[in-house]
Structures are given as C-alpha cells and as structure tokens.
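First, the structure itself, so that you have it in front of you.
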Amino acid sequence: EIYLYIAICLLIIVAYDFFFTVISINGAGLITSMISKGIARCFLWMNTKAVNRTILRFSGVAIILALICWWLGALWIGFFLSLLSDHTAVMDASSATAAPTIDKFYFSGYMLSTLGNGDFVPGSSGWKVMTAIFSFSGFIFITTGMTYLISVSSAVLHKRSLALFIANLLYVKDEGDKVQAVIRNGDQLRNMINKHNQNHLAYPIVHYFYSTDETTSLAPNLARIDQLLVDALKNNVDSNTLHPLYHSMNSYLHTVNGTFV
Amino acid sequence: DIRKALFKDILKSDGWDS
C-alpha cells in the first residue's frame with residue numbers, strides 16, 4: 001500500500017505543477033521554477049568560466065528537455081508505483097499470469113504513450129478504468145505540453161525581436177537623434193515591452209533563453225534605452241510620449257524584480 | 001540608485017556580468 005500512497009502524492013504534485021505552469025498563464029509551478037532556475041544558474045556559472053557566450057545558447061533547450069522529463073517521468077513513475085501496489089494489477093495476456101515488475105514498468109509507459117497495452121491486460125475492472133484514465137492523462141500531458149512549448153518559442157522570438165528593435169533604434173551616434181527615434185517609435189516600443197512583460201508573467205521560462213550576441217540580447221538593450229529615457233525625462237523632452245514608455249518599463253522592472261532578480 | 005542596481009541585476013541574470 002505504501003507504493004499507492006507515494007504514487008498518489010507524486011501524481012497530485014506533478015498534475016498541479018504541470019497544469020499551473022501550462023494552463024494558468026500566471027507563471028510556473030514550484031518544481032518547474034526550481035528546475036528552470038537551477039539549470040539556468042548552472043549555465044550562467046559555466047558562462048563565467050567560458051571565453052564567449054556560446055554555452056548559454058543551450059540553456060533554454062536544456063530546461064525544456066528537463067521539464068519534459070520531469071512531467072512525463074513523474075507521471076510514468078506515478079502510474080508504475082500504483083500498479084506495483086497490486087500484485088495482479090497487470091496480467092500477461094497469453095499466459096494469464098501476473099506480470100513481473102519490469103513488465104509493469106513497460107505496460108505503464110506503453111499505456112501513457114497511448115500506444116496500446118503491449119501484450120498485457122489490466123487484472124481487474126478497477127484497473128481497466130485506471131488504465132483508461134492514465135492513458136488519457138498521458139495524451140493530455142503530451143499534447144498540452146507541446147502546445148505550451150510552441151507558445152514559449154513564440155515568446156522567445158518576440159523577446160529577440162524586441163531586443164533587435166531597440167538595437168536598431170539606438171544605432172545612431174547622436175544622443176538627440178536616439179531620443180527622437182525613441183519618440184517616433186514610442187507607441188510600438190511600449191506595446192512590445194508590454195507584450196514581453198505579459199509573456200514573462202505567463203511563461204517565466206522565457207527569461208532563461210539567452211542570446212549569444214548583444215544585438216539580440218534584451219537585457220543590455222533595455223538597460224541602454226532606460227538610461228536614455230531617464231536622461232530625456234530629466235531634461236523634460238516630450239514627456240507626453242516618454243512618460244507612458246517609462247511607465248511600461250516600470251511594469252517590466254516590477255515583474256522581473258519580483259521573480260528573477 | 002535603485003533603478004541602476006536593478007538593471008545591474010538583470011544584466012547579471014542574463015549572463016552579461018563576465
């Protein structure tokens with residue numbers, strides 16, 4: 001019975017963590033956050049020992065792979081442990097004998113991937129229902145997880161576009177021209193920063209996708225434009241346009257301050 | 001000031017401190 005209790009606890013934890021991360025649009029679950037932060041820290045540490053930023057390119061991919069392993073792995077182990085709690089939970093279809101431990105592990109993985117039951121059958125009506133529930137769970141986890149990852153890549157692309165947009169705007173020598181360029185594109189810039197801010201809240205993992213070059217890195221470009229904004233507002237340059245932009249930047253700083261720095 | 005310190009932290013969290 002101990003296996004059943006462990007299985008129930010594990011399944012509740014992974015289901016909460018998964019659905020909070022993927023569906024709530026309010027950030028990531030506790031374990032997902034811990035995994036993401038831990039891997040990102042490893043990459044940042046390796047970056048301090050490296051000559052260039054190439055290693056950081058793999059941070060986002062590593063986090064996504066680790067999260068898939070955590071979500072699907074925990075679901076698989078949870079199902080496997082629940083099968084272990086009953087000796088006759090899984091039967092060999094041809095010999096009608098109870099399946100050994102390794103075959104229960106195979107059966108649970110086979111069911112979760114919705115491939116079928118792999119020459120084994122559930123041992124009772126209760127386990128038949130449980131098997132159907134787990135098969136649906138595997139299907140839901142895989143499809144919803146993939147949809148989430150597509151949204152994340154779209155948010156990462158937006159992050160890079162924003163960085164590039166700012167870098168392009170500031171690609172003039174004169175400070176006055178830079179301010180004028182920001183004023184001319186104030187609305188678009190504000191919308192892009194706001195969208196990135198919302199992406200940050202919905203998909204915190206986007207913070208750990210790093211760019212190798214400075215032009216497409218958001219942090220240095222945002223720091224540059226913020227300094228420009230602060231100086232321009234001190235000199236009372238077109239505050240009607242710059243104040244909303246400054247406010248949008250404040251919202252972003254508020255989001256990042258609470259979560260990442 | 002606080003704003004500068006915040007951006008310093010953001011740059012650090014983006015791997016730009018080394």
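Here the structure is a predicted model, which is why all the values come from computation and not from measurement. Letters A, B, ... are given to chains in the order of the sequence lines, protein chains preceding strands, and every chain is numbered from 1.
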Can you tell which part of A:Leu56 gets under 4.5 Å to a heavy atom of chain B, answering side chain, backbone, both or neither? side chain

Would you say that A:Ile193 contacts A:Leu245 through its side chain, given a criterion of any heavy-atom pair below 4.5 Å between the two side chains? yes

Neighbour count above 12 (heavy atom, 6.0 Å) for A:Met34 CE: no

Heavy atoms only, distances under 4.5 angstrom: which of A:Leu218, A:Asn250, A:Leu253, A:Val230 has the most pairs with chain B? Name it, please. A:Leu253

Set of residues satisfying salt bridge (charged side-chain N to carboxylate O under 4.0 Å, His left out) with respect to A:Asp226, sequence neighbours excluded: B:Arg3

Salt bridge (charged side-chain N to carboxylate O under 4.0 Å, His left out) against A:Lys178, all qualifying residues, sequence neighbours excluded: A:Glu175

Working note: A:Val14 + A:Trp70, criterion side chain to side chain contact (heavy atoms under 4.5 Å, CB included); need CA distance, chi angles, decisive distance, verdict. CA-CA 8 Å; A:Val14 73; A:Trp70 151 237; 4.1 Å; yes

Could you pull out the closest heavy-atom pair between A:Asn47 and B:Gly15, with the gap in Å? ND2-O, 3.2 Å

A:Asp177: which of A:Leu170, A:Val172, A:Val182 passes side chain to side chain contact (heavy atoms under 4.5 Å, CB included): A:Val172

Minimum heavy-atom distance A:Asn194-A:Ser248, with the two atoms named: OD1-OG, 3.2 Å

For chain B, find its close neighbours in residues 141-162 of chain A: heavy-atom separation under 4.5 Å, sorted by number, or none. A:Lys159

If the contact rule is any heavy atom under 4.5 Å from chain B, which residues of residues 195-213 of chain A qualify, in numerical order? A:His207, A:Tyr210, A:Thr212, A:Asp213

Does any heavy atom of chain A fall under 4.5 Å from the side chain of B:Lys12, the backbone, both, or neither of them? backbone

Heavy-atom cut-off 4.5 Å, strictly under: side chain, backbone, both or neither for A:Glu214 against chain B? both

Using side chain to side chain contact (heavy atoms under 4.5 Å, CB included) as the criterion, point out the one residue from A:Leu65, A:Ile63, A:Ile64 that pairs with A:Val61. A:Leu65

Might you confirm whether atom CZ of A:Phe19 has over 12 heavy atoms from other residues, nucleotides or ligands at distances under 6.0 Å? yes

B:Asp9 vs A:Asn257 side-chain heavy atoms within contact, under 4.5 Å: no

